[in-house]
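Report on the structure given below.
Every chain is numbered from 1, with letters handed out A, B, ... down the list of sequences.
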2 protein chains.
Amino acid sequence: MSGRLIGVGVGPGDPELMTLKAVRALHEADVVAFFAKEGNGSHARATACAHFRIGTEELPLFYPVTTEAHRHDAAYRTAITGFYDRSAQAVAAHLDAGRTVAVLSEGDPLFYGSYMHLHVRLAARYAAEVIPGVTGMSGCWSQAGTPIAQGDDVLCVLPGTLEEDELARRLGDADAAIIMKVGRNLPKIRRALASAGRLERALYVERGTMEGGHALPLTERDEAPAPYFAIVLVPGWEARS
Amino acid sequence: MSGRLIGVGVGPGDPELMTLKAVRALHEADVVAFFAKEGNGSHARATACAHFRIGTEELPLFYPVTTEAHRHDAAYRTAITGFYDRSAQAVAAHLDAGRTVAVLSEGDPLFYGSYMHLHVRLAARYAAEVIPGVTGMSGCWSQAGTPIAQGDDVLCVLPGTLEEDELARRLGDADAAIIMKVGRNLPKIRRALASAGRLERALYVERGTMEGGHALPLTERDEAPAPYFAIVLVPGWEARS
């Protein structure tokens with residue numbers, strides 16, 4: 001009899017923002033798998049590890065060495081697809097042996113999470129369950145203490161990798177927006193917000209709910225590249241009542 | 001010395017999807033407040049009440065009797081604004097007496113939640129903290145077991161109350177979409193999805209993570225009005241890799 005696959009959302013970073021269900025899944029797991037970068041550790045593991053049982057087998061899945069700049073390359077796509085295939089095989093070997101495998105995911109597993117690369121390869125063949133988690137963006141607007149959307153607001157989640165004109169167009173067409181993948185795109189994001197008339201309203205949030213987490217108006221943020229855990233928020237609900 | 005205000009996200013409905021931090025906040029609260037409809041109880045209270053301390057004071061905040069049809073009326077707006085003002089005063093009286101007040105919120109407090117009406121009235125005057133929660137939409141795509149967005153996908157959250165043309169335009173302009181406030185808008189939502197060429201991909205999810213929760217292709221759903229806990233999802237990540 002095969003084991004179970006469980007995608008476990010560990011939330012935005014504060015270990016206390018794990019759900020009771022995620023904690024239970026870790027207590028029940030025979031194997032805990034997580035994606036990691038060689039030498040960099042795994043944020044999801046650091047968030048969740050206090051709940052691993054003694055003796056739980058850990059299965060780190062190390063990303064091949066690449067840079068974001070290459071992500072539209074054919075060579076990169078072949079490498080990353082191969083990596084997800086091999087990762088799924090490594091998880092499947094445990095499932096075939098009847099072990100329950102919990103796969104950690106920062107935030108929510110099915111919302112821009114790496115777990116879904118395993119899910120689409122394995123969920124048809126094995127019993128699979130997904131435990132939703134608090135997203136990184138919820139962590140960020142809570143850190144900022146800012147209502148993000150209300151009533152009939154249209155909210156858009158936008159990658160900072162979009163072209164400037166496209167970003168500006170979409171920002172002008174939404175009541176509320178979340179811009180992810182900030183990194184080196186910060187100057188472009190700022191220009192797009194200005195074109196859309198939304199710069200004054202935008203907030204920059206770094207490490208929401210984590211040690212050192214903070215929020216400030218984007219107009220007060222310098223142009224240095226943003227770290228991995230950073231997003232830009234444009235709160236909606238302009239006609240508060 | 002004034003008490004603390006805590007906005008507590010209780011998640012999408014499954015009590016096990018509460019966070020450790022939400023549970024701790026309820027253990028520490030002197031007063032637990034929640035919005036409710038007369039005669040209908042409170043979903044947030046039902047989700048969280050196992051964690052109330054014995055002796056915790058409950059502060060139900062009963063919505064005035066209205067219908068959604070009136071929500072753009074001046075009379076409705078006056079009534080609801082007065083209700084939120086009085087609710088904030090009732091909470092403030094406890095804070096002034098030095099009590100910690102936890103305000104329950106379905107899903108995440110700052111994401112389309114009623115809690116924010118109290119937050120904007122009280123957070124400048126009292127120590128306030130928001131504990132993010134798993135959103136209802138995360139609960140729904142986890143119930144469906146469907147990746148919702150990945151990589152550079154643009155995701156939009158749309159109210160089903162939008163005009164049909166506007167809904168169709170926005171659905172055609174996003175990689176992934178969540179349609180909330182389904183209710184009696186289901187036939188219109190279906191037509192808008194068809195115009196945008198997205199109907200075949202859409203899923204209908206009811207009571208995600210709750211007792212009786214289920215998901216099905218929207219094309220297999222009849223035209224009967226949807227209950228309160230229902231949303232329509234259009235998953236992105238069309239070029240899976």
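When each of A:Val205, A:Leu203, A:Leu171, A:Leu193 is tested with A:Val232 by the rule side chain to side chain contact (heavy atoms under 4.5 Å, CB included), just one qualifies, namely A:Leu193.
Remark: B:Glu129 engages B:Lys21 in a salt bridge, criterion side-chain N to carboxylate O under 4.0 Å. Between B:Glu28 and B:Arg53 there is no salt bridge, since no side-chain nitrogen of the basic residue lies less than 4.0 Å from a carboxylate oxygen of the acidic one. Under the 4.0 Å criterion applied to side-chain N and carboxylate O atoms, A:Asp14 and A:Arg207 are not assigned as salt-bridge partners. Using a 4.0 Å cut-off between charged side-chain N and carboxylate O, B:Glu238 and B:Arg198 make a salt bridge.
Both the backbone and the side chain of B:Ala149 come within contact range of chain A, each with at least one heavy atom under 4.5 Å from a heavy atom of that chain. Only the backbone of A:Pro15 comes within contact range of chain B, judged by heavy atoms closer than 4.5 Å. Contact annotation for B:Asp175: neither backbone nor side-chain heavy atoms come within less than 4.5 Å of a heavy atom of chain A. No part of A:Asp85 comes within reach of chain B, as not one of its non-hydrogen atoms sits under 4.5 angstrom from that chain. For a residue to count as touching a neighbouring chain, one of its non-hydrogen atoms must lie under 4.5 Å from one of that chain's; by this rule A:Ile178 does not touch chain B.
Side chains of B:Tyr63 and B:Ser114: a donor-acceptor N/O pair is present below 3.5 angstrom, by distance only. Between the side chains of B:Asp108 and B:Thr135, no donor-acceptor pair is found at a separation under 3.5 Å. At a cut-off of 3.5 Å, with distance as the only test, a side-chain donor of B:Glu106 or B:Tyr228 sits close to an acceptor on the other residue.
Here A:Asp173 is the residue among A:Val23, A:Asp173, A:Thr209 with the most heavy-atom pairs under 4.5 Å with chain B. By number of non-hydrogen pairs under 4.5 angstrom with chain B, the leading residue of A:Ala176, A:Pro12, A:Pro235, A:Gly145 is A:Gly145. Among A:Gly11, A:Pro109, A:Gly113, A:Ala174, the residue making the largest number of heavy-atom pairs under 4.5 Å with chain B is A:Gly113. When each of A:Glu16, A:Met18, A:Met116 is scored by its heavy-atom pairs under 4.5 Å with chain B, the top score falls to A:Glu16. Counting heavy-atom pairs under 4.5 Å between each of B:Pro147, B:Gly7, B:Ala128, B:Ala22 and chain A puts B:Pro147 at the top. The choice from B:Ile148, B:Leu162, B:Val130 that makes the most heavy-atom pairs within less than 4.5 Å of chain A is B:Ile148.
Ring-plane geometry between A:Trp237 and B:His117 is classed as perpendicular, the angle between the planes exceeding 60 degrees on a 0 to 90 degree scale with a lower cut at 30. Using bins of under 30°, 30° to 60° and over 60° for the plane-to-plane angle, the ring pair A:His43/A:Phe229 lands in the perpendicular bin.
Interface with chain B: from residues 136-144 of chain A, residues A:Met137, A:Ser138, A:Gly139, A:Trp141, A:Ser142 qualify, criterion being any non-hydrogen pair under 4.5 Å.
Scanning for ring pair (Phe, Tyr, Trp, His ring centres under 6.0 Å) contacts around B:Tyr115 gives B:His119, with sequence neighbours left out.
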